[in-house]
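Note sheet for the following structure.
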Amino acid sequence: MVSAVGRFCVNVLAEDQAGLSEGFAHSGGDKFSSVEWTHTPSGSPMLRGAAAWIDCAVHASYDGGDHLIVRGDVRWLDVAPGSRPLLYHRGHYARIADHVP
């Protein structure tokens, strides 16, 4: 579907959006039905409250077996000031450690 539309948005979830991450991780259903979102400049879905977003145009796609690997050219991006990204590592959500001088 992404390669047919020709564009996509990478949404970097904020650390308080673990529930949203869980909802998108399950198969089936309309992922955007109960999610607040708007459009990027190119028209792709941008999730409200995300720590950052990267709006891309499809450059190429490659067969990845049971997946499609899509390479994009970045067109626009932005980051929410003061927001921290949601991390998932080794099966668990994690936080970035605060910088200690």
Side-chain angles (χ1 to χ4, degrees):
M1 182 169 159
V2 168
S3 57
V5 173
R7 65 184 190 280
F8 62 95
C9 179
V10 176
N11 289 273
V12 179
L13 298 182
E15 68 181 358
D16 63 347
Q17 293 181 307
L20 185 57
S21 171
E22 292 290 333
F24 275 95
H26 297 12
S27 23
D30 180 358
K31 306 288 188 194
F32 292 90
S33 66
S34 61
V35 174
E36 288 187 51
W37 61 277
T38 186
H39 292 100
T40 63
S42 72
S44 296
M46 176 177 54
L47 303 176
R48 292 213 189 265
W53 56 269
I54 307 161
D55 197 16
C56 301
V58 173
H59 178 83
S61 57
Y62 310 94
D63 182 11
D66 62 348
H67 287 74
L68 182 67
I69 300 168
V70 178
R71 182 176 146 203
D73 293 330
V74 175
R75 299 295 186 212
W76 295 277
L77 58 91
D78 201 5
V79 45
S83 186
R84 296 166 59 107
L86 178 65
L87 303 176
Y88 192 78
H89 179 65
R90 295 187 177 177
H92 301 283
Y93 290 104
R95 300 183 86 162
I96 293 177
D98 289 322
H99 175 68
V100 179

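Note that the structure is a prediction, hence the values are computed from the model and not measured.
The heavy-atom pair separating Met46 from His39 by the smallest distance is CE-O, 3.8 Å. The two residues Arg7 and Ser44 make their nearest non-hydrogen contact at CG-OG, 3.3 Å. When every heavy atom of Gly49 is checked against every heavy atom of Ala14, the shortest pair comes out as O-CB, 3.4 Å. In terms of heavy atoms, Phe32 sits closest to Pro45 at CE2-CB, 3.6 Å. What you find for Asp55 and Phe8 is that their closest heavy atoms are OD1-O, 3.5 Å.
Formation of a donor-acceptor pair under 3.5 Å by the Gln17 side chain with backbone atoms of Arg48 is found in this model. Proximity of a side-chain donor or acceptor of Arg75 to a complementary backbone N or O of Ser42 within less than 3.5 Å is not detected. Under a 3.5 Å cut-off, the side chain of Asn11 and the backbone N or O of Ala50 do not form any donor-acceptor pair.
Rounded to the nearest 0.5 angstrom, Arg95 CZ and Arg84 CZ are separated by 6.0 Å. Atoms SG and CD1, from Cys9 and Ile54 in turn, are 7.5 Å apart once rounded to the nearest 0.5 Å. In this structure, the separation between CD1 on Ile69 and CG on Asp63 is 8.0 Å, given to the nearest 0.5 Å.
Atom CD of Glu36 has 12 or fewer heavy atoms from other residues, nucleotides or ligands within 6.0 Å.
In this structure, Ser21 and Tyr88 have side chains that are not in contact, with every pair of non-hydrogen atoms separated by 4.5 Å or more. For the pair Val2/Leu68, no side-chain contact is recorded, criterion being any heavy-atom separation below 4.5 Å from C-beta on. Taking the side chain as every heavy atom from C-beta outward, Trp53 and Thr40 approach each other to under 4.5 Å.
By the criterion of side-chain heavy atoms lying less than 4.5 angstrom apart, applied directly or through intervening Ile, Leu, Val, Met, Phe, Trp or Tyr residues, Val10 is grouped together with Leu77 in one hydrophobic cluster. A single hydrophobic cluster is seen to contain both Leu47 and Tyr93, as judged by linkage of ILVMFWY side chains at heavy-atom distances under 4.5 Å, directly or through other members.
Residue Leu87 belongs to a hydrophobic cluster whose other members are Ile96, with links defined by side-chain heavy atoms closer than 4.5 Å.
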